[in-house]
Amino acid sequence: MSSNPYDISPDQVKLPNRANVPSLKFCSKTIEETETELNTDAKLGLPAQEIINRRTIYGVNELSHKDEESLLFKFFSSFYQDPLILLLIGSSVISFIMGQTDDGISIFLAIVIVVTVGFVQEYRSEKSLEALNKLVPAEAHLTRNGNSTTVLASTLVPGDVVYFSTGDRIPADVRLTNAVYLTIDESNLTGENRPVQKNTDPVTMKDPPVTERTDIAFMGTLVREGHGSGIVVGIGTQTVFGTVFEMMSEIEKPKTPLQQAMDKLGKDLSIFSFAIIGIICLIGIFQGRSWLDMFQISVSLAVAAIPEGLPIIVTVTLALGVLRLAKQKAIVKRLPSVETLGSVNVICSDKTGTLTQNHMTVTKIWTTDFKGSFNSPFLVVEKLDDNTLHHQLTANMRKVLHCGNICNNSKYSAANERYVGNPSDIALLECLPHFGLEDIRGQTERMNELPFSSTRKYMAISVHTGDRAKADTYAKGATEKLLKHCNRYYDSNGHVQPITPDFMETVHEKSKLLANDGLRVLGFAESNKSFDQEPLDLIFCGMVGMKDPPRPNVGKSISMLMKGGVHVIMITGDSPSTALNIARQIGMPVTGQHSVMTGDQIDELKEESLSHAIHNVSVFARTTPEHKVKIVKALQRRGDIVAMTGDGVNDAPALKLADIGIAMGKNGTDVAKEAADMVLTDDDFSTILSAIEEGKGIFNNIQNFITFQLSTSIAALTLIALSTFFGLPNPLNAMQILWINILMDGPPAQSLGVEPVDHEVMNKPPRSRNDKILTSQLLKRVVQSAVMIIIGTLYIFIKEMKDGEVTARDTTMTFTCFVLFDMFNALACRHHSKSIFSMGMKNSMFNFAVFGSLLGQFCAVYVPFFQRIFQTEALSLGDILHLIGLCSSVFIVDEVRKWWVRRRTLYTNNYNVGV
């Protein structure tokens, strides 16, 4: 006996792709050749002494991965992976060294909160590999040494003989030796919702894809009907299922655009801080001050310039976005993914179950007695109500539906309250009530059955209908195959007529019309006698066209996405013709053959060539999981930010690789949900539109509160620096500076992060992966606001300080002036271009934050207890009105800027339209 039936060494067990798995090799071999090569017996199985030997070579039948790092190590490593966090750590350390304990503690707590929240989110999303094992059954039924037993599936080895029946999951890749009416649901591997009819005949095609290996049962797939047995040819990572696992384990989730932008922001702030330290040190030295004094002053100012509350505000803003999306039936698992949605410029969508309903539906019926027109020769079921269909039902249509009812193997599940089985069979049964008909299979008794097979392409059933001496036969299947068994048909009057060449041509013409609409076409025939052997003697009744219809509102959503600069791509295992038909129905841009690419064409191109070739492609047909990963990589190579939708195990690698993976919540597998960043609980593609709108709005909000924080921070920094340079007394004491920092990083800033989403964001193109948060437009707004705050506050400070000495009134006026500037600046920062007067005051959190801040300032100025703490004194009403008039200038000037931006944008748009 060969010690290694694969002719490979144990260290070569890891396979790079599914093209090399054993199922490809054994699907083209006969049962006898498989027995010989694996040195086993299809009836008796392996001898007991051989099991241990093979287990030593091939290991256990599991999909396991090593957890290389402990949770504690992962947690602490989070502290040094983000430049902004590193900068804040440095600020915290310097604050402690300088004796600024309050600042040091607050910065340290901010770091811990942000890192902990991010770590928890990442940890929860790293469960996709564990979920894969849930699809591998715990036990397997097998024969060893001629004895049947049940063992742990993990103990299987190549050469074992296993058997299975309806409801079982296949425990390994198996070369079938027996298949009785065996159909297997392979949708988690192929994406196709139609169960595959299995047989034991070897495949003659060279290098057949997974969908064509009809004599192989794949690990993790589900037996829908019948039963069978076979020889194990692949276990663990040597299975087709295992290649998906290996792809998942090798893929590293890319950083989101927001994470990349925050990294750049951290670097920019670091450069800014060091520049301040250097400049202030040099100026101080030229003024004759000591190195140590100037270094302490410049470091303190640099720390003050860094908005330590920024990471917390970003985290809170994203978390609130997650909550809002949850209400819209979109569950986001990774916080940064919320904002990533707003940057997406390509959506790769799985067809079945995402763009379509994943539910076959009878759409059109053709019979000779339907009184249609030349342009409309079919009864269109989907566009008529039940009352109309009752009146449209003809005698021949009744025969077609009766055939579909009797020749049907789907069953009603009381537990699920729906039919289960072949999707086409279910569609035929669900169609009956619309015509006022009932399922009458309980009134019949089956005598004989010819099961559907890939070679026969039709099925037939003989039944008793009360009189046991009399039997009827009903058949359905591919029209061209069924017609070979028909020599008669029902004419427009319901009479039986002989089939003529003209009638055959008519049927083929109608069948082609149905197929061109992207429908699956089934022909129906009957006979008033039983059958003993083929060919059958049947009477042709008519045809039915059915399809998996597009989801409602998908077309509208795609139109809006395209308007917003998002390219939607369909990726499916279906044929190009079927995919193109669905694409046209939902409004995708398919203008010619260059809009479609097949899996074979992808295989012929390298990644770089593919990235250039897919510019105008909207449909990828006949794809595998490897193709989906290759497509995502090619798009990302071009700089695209890619969202990938899917529901099966076959989608999981691409879901993990994409910038944002979107899984289906109802029909999606656990593997897909764990690999994804977002789960749609309603499986509705339209929900993605709302999520993208939320993502774009969140980024705008992030920019708004960064504008507010930086302008306030720079103003405070510059105010203190200028006072130092010109030898002026400090305009603000320590407690007043602390209160300003609280306002800068506290409620007003937080409230800007929850500003309601402006629906106009969908008209703007997605931002590029390399775009910075600190854009030139944002920096101009920051400088504009900071300059006005500095000039206004210095004016009040110098005006009040008449005798060269700083009194409580001087600092109170300066302090209140700065705080009021802060509040008006926050109001101006609610939107970068839209007037506050058109927006209204709908952000209740902002209203409460500003009111609370003003109330706090009122207490600091007028309550004796707080006067002692902040060293302030009461101001007159005239003082307050004077300060309000001055401080509102920052808001008024920004409103003028917004008006100018809107006017310029309108002029540009009108000019472009005119051109």
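Side chains are part of it too, since the values below use all heavy atoms of this structure and drop only hydrogens, waters and symmetry mates. As the structure is a computational prediction, the values presented were derived from the model and not from experiment. Numbers here are sequence positions counted from 1.
- Contact of the Thr239 side chain with the Phe218 side chain is not registered, since no non-hydrogen atoms from C-beta on lie closer than 4.5 Å.
- Asp548 places a side-chain N or O within 3.5 Å of a backbone atom of His359 that can act as its donor or acceptor partner.
- Residues Ala42 and Ile31 share a closest heavy-atom pair of CB-CG2, 4.5 Å.
- Side-chain N or O atoms of Glu33 include one that pairs as donor or acceptor with a backbone N or O of Thr30 at under 3.5 Å.
- Between the CD atom in Glu35 and the OG1 atom in Thr40 there is a gap of 7.0 Å [rounded to 0.5 Å].
- For Asn422 and Asn409, the side-chain atoms include no donor-acceptor pair closer than 3.5 Å.
- Ion pairing between Lys457 and Glu480 fails under the 4.0 Å rule for side-chain N and carboxylate O.
- Rounding to the nearest 0.5 Å gives a distance of 7.5 Å between NZ of Lys630 and CD1 of Ile602.
- Taking CG of Leu657 as the reference point, atom CE of Met644 lies at 10.0 Å (rounded to 0.5 Å).
- Taking the six-membered ring where the residue is Trp, the centroids of His227 and Tyr163 are separated by 6.0 Å or more.
- No donor-acceptor pair closer than 3.5 Å links the side chain of Asn61 to the backbone N or O of Ile235.
- At least one donor-acceptor pair closer than 3.5 Å links the side chain of Gln601 to the backbone N or O of Thr598.
- Annotation: the span from Asn39 atom CG to Thr34 atom OG1 amounts to 12.5 Å, rounded to 0.5 Å.
- For the pair Leu355/Met570, a side-chain contact is recorded, criterion being any heavy-atom separation below 4.5 Å from C-beta on.
- With hydrogens and angles ignored, the 3.5 Å screen pairs a side-chain donor or acceptor of His485 with a backbone N or O of Leu536.
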Decide yes or no on side chain to side chain contact (heavy atoms under 4.5 Å, CB included) for Asp160 and Ile231, but give the supporting numbers first. CA-CA 6 Å; Asp160 266 329; Ile231 301 171; over 6 Å; no
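- In this structure, Asp215 pairs ionically with Arg175, as a charged nitrogen and a carboxylate oxygen lie closer than 4.0 Å.
- No side-chain donor-acceptor contact under 3.5 Å links Thr623 to the backbone of Phe620.
- Judged by distance alone, with hydrogens and angles left aside, the side-chain atoms of Arg213 form a donor-acceptor pair with the main-chain N or O of Pro208 at under 3.5 Å.
- How far CG of Asn408 is from OG of Ser424: 9.5 Å, rounded to the nearest 0.5 Å.
- Judged by distance alone, with hydrogens and angles left aside, the side-chain atoms of Arg551 form no donor-acceptor pair with the main-chain N or O of Phe685 at under 3.5 Å.
- Between the side chain of Asp350 and the backbone N or O of Thr645 there is no donor-acceptor pair closer than 3.5 Å.
- The minimum heavy-atom distance linking Val362 with Val544 is given by the pair CG1-CG1, 3.8 Å.
- Between the side chains of His627 and Asp603, at least one donor N or O lies within less than 3.5 Å of an accepting N or O.
- Formation of a donor-acceptor pair under 3.5 Å by the Arg55 side chain with backbone atoms of Thr155 is found in this model.
- Leu432 places a side-chain heavy atom less than 4.5 Å from the side chain of Asn405.
- Between the side chains of Ser410 and Asp425, no donor-acceptor pair of N or O atoms lies under 3.5 Å.
- Interatomic distance, CG of Leu428 versus CG of Leu522, reported as 6.5 Å (0.5 Å rounding).
- Counting heavy atoms from C-beta on, the side chains of Lys628 and Ile571 come closer than 4.5 Å.
- Checked for salt-bridge contact, Arg441 and Asp439 meet the test: a charged N lies under 4.0 Å from a carboxylate O.
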Going through the checks in order, is the side chain to side chain contact (heavy atoms under 4.5 Å, CB included) test met by Thr143 and Leu44? CA-CA 6 Å; Thr143 299; Leu44 301 178; 5.6 Å; no
Decide yes or no on side chain to side chain contact (heavy atoms under 4.5 Å, CB included) for Arg144 and Ile51, but give the supporting numbers first. CA-CA 9 Å; Arg144 283 178 180 167; Ile51 304 302; 3.5 Å; yes
